[in-house]
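This report concerns only the one structure given below.
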Amino acid sequence: MTAPPEGFRHLPGHFPPDAQASLLEAVRAVVARAPLYVPTLPRSGKEMSVRMTNCGALGWVTDAARGYRYQATHPVTGEPWPSIPGILLDLWAEVSGYPHPPEACLINFYSATAKMGQHQDRDETDFAAPVVSVSLGDDCLFRIGGTKRTDSTVSLRLRSGDVAVLGGESRLAFHGVDRIYPDTSTLLKNGGRINLTLRRVTKP
DNA sequence: GAGTGTCG
DNA sequence: CCTT
């Protein structure tokens with residue numbers, strides 16, 4: 001594939017450095033109440049390489065016993081997820097083209113060696129809304145294909161402050177993160193990458 | 001056989 | 001290739 005699928009939009013540098021710092025502060029406040037944990041895959045129970053948490057009414061979680069799902073509480077603490085920071089609600093209103101607020105914001109932390117295999121975001125009931133993604137920290141190599149696993153893919157480098165929107169055909173496109181480029185950003189003192197994905201889960 | 005796995 |  002020479003071009004990303006229809007409906008995919010990459011907005012490089014959407015957030016300037018000061019806004020990235022504000023986002024990071026908001027993420028830290030979420031993580032203080034909803035700690036990062038190690039998700040495990042359905043069936044195999046294999047640990048994923050990313051560390052994960054959420055904010056919003058619903059959070060995406062996975063474990064060996066119950067598989068992929070959305071739930072209102074943190075799987076380790078049992079507490080409700082913190083609310084989605086205003087700056088992210090504003091982003092959603094600006095770029096989603098969807099007239100209702102997001103319900104979930106998945107927060108993935110990638111160490112220098114973390115990866116995310118090709119997958120579809122398909123645990124939501126409402127695919128009319130796009131998935132809106134924000135990158136913070138080190139650059140990554142993001143790869144996106146079509147709605148079939150065998151479709152050809154394109155790779156692009158996502159940098160801190162970039163926003164990506166998966167709408168239209170690309171809403172159900174296979175995508176993943178092949179690698180992190182260490183020490184390409186100074187936003188996170190200890191390196192790594194944070195990805196925020198905003199999603200509408202239920203039909204309004 | 002499939003996988004939000006791993007490895008090359 | 002490994003695991004369920």
Side-chain angles (χ1 to χ4, degrees), chain A residues 1 4-5 7-8 10 27 30-31 34-56 58-76 81 88 102-127 129-158 162-167 169-182 192-202:
Chain A
M1 188 177 287
F8 177 77
H10 180 205
V27 169
V30 169
V31 171
L36 292 165
Y37 65 95
V38 183
T40 55
L41 293 175
R43 303 161 152 171
S44 70
K46 188 168 281 196
E47 291 185 352
M48 295 176 68
S49 57
V50 296
R51 300 296 177 253
M52 203 171 268
T53 190
N54 290 268
C55 52
L58 294 169
W60 187 88
V61 299
T62 172
D63 58 45
R66 299 177 61 196
Y68 308 148
R69 64 198 186 274
Y70 281 93
Q71 65 179 41
T73 55
H74 191 289
V76 176
W81 305 105
L88 291 172
E103 296 169 295
C105 176
L106 177 61
I107 299 173
N108 285 151
F109 175 78
Y110 293 77
S111 69
T113 56
K115 299 174 181 65
M116 180 75 76
Q118 291 289 113
H119 67 278
Q120 292 173 299
D121 290 9
R122 50 177 297 171
D123 301 308
E124 302 76 29
T125 352
D126 188 358
F127 297 131
V131 172
V132 175
S133 152
V134 181
S135 295
L136 295 173
D138 287 334
D139 298 356
C140 79
L141 187 64
F142 177 81
R143 187 159 57 90
I144 183 166
T147 53
K148 298 191 300 281
R149 198 174 275 282
T150 51
D151 288 343
S152 61
T153 60
V154 272
S155 294
L156 61 151
R157 190 164 173 139
L158 298 180
D162 289 6
V163 168
V165 182
L166 281 76
E169 292 256 314
S170 74
R171 174 63 182 78
L172 288 168
F174 280 87
H175 60 281
V177 173
D178 285 340
R179 67 162 297 189
I180 301 296
Y181 296 99
R193 169 176 186 262
I194 293 169
N195 185 63
L196 312 173
T197 50
L198 296 160
R199 303 181 180 130
R200 180 76 199 188
V201 179
T202 67

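In the text below, chain A, chain B and the rest are named by the order of the sequence lines, each starting its count at 1.
- Within the nucleic acid shown, Gly176(A) has no heavy atom closer than 4.0 Å to any nucleic acid atom.
- Across all strands, Asn195(A) comes closer than 4.0 Å to no nucleic acid atom at all (heavy-atom distances).
- The nearest whole Å value for the distance from the CZ atom in Arg66(A) to the C1' atom in dT4(C) is 19 Å.
- Put simply, the side chain of Arg69(A) gets close to the backbone of Gly67(A): a donor and an acceptor are under 3.5 Å apart.
- To the nearest 0.5 Å, atom OG1 of residue Thr53(A) and atom CD1 of residue Ile194(A) are 11.5 Å apart.
- dC1(C) and dG5(B) make up a base pair, with Watson-Crick or G-U wobble contacts both under 3.5 Å.
- Distance CD (Gln120(A)) to P (dG3(B)): 9 Å, rounded to an integer number of Å.
- The residues Asp63(A) and Arg66(A) are annotated as not salt-bridged, no charged nitrogen and carboxylate oxygen being separated by less than 4.0 angstrom.
- Distance Arg149(A) CZ to dG1(B) C1': 12 Å, rounded to the nearest Å.
- Taken residue by residue, residues 35-48 of chain A places heavy atoms nearer than 4.0 Å to DNA chain B at Leu41(A), Pro42(A), Lys46(A), Met48(A).
- Nearest heavy atom pair, residue Ile107(A) against residue Leu36(A), reads O-CD2, 4.5 Å.
- Closest approach of Asp138(A) and Pro182(A) over heavy atoms only: OD2-CA, 3.8 Å.
- In this structure, the CZ atom of Arg179(A) is 15 Å from the P atom of dG8(B), given to the nearest Å.
- Counting to the nearest Å, the P atom of dA2(B) and the CD atom of Gln118(A) are 17 Å from each other.
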Exercise. Please report the C-alpha distance between Phe8(A) and His175(A) in whole Å, then the side-chain angles of each, then the deciding distance to 0.1 Å, and finally whether the side chain to side chain contact (heavy atoms under 4.5 Å, CB included) criterion is met.
Key: CA-CA 11 Å; Phe8(A) 177 77; His175(A) 60 281; over 6 Å; no
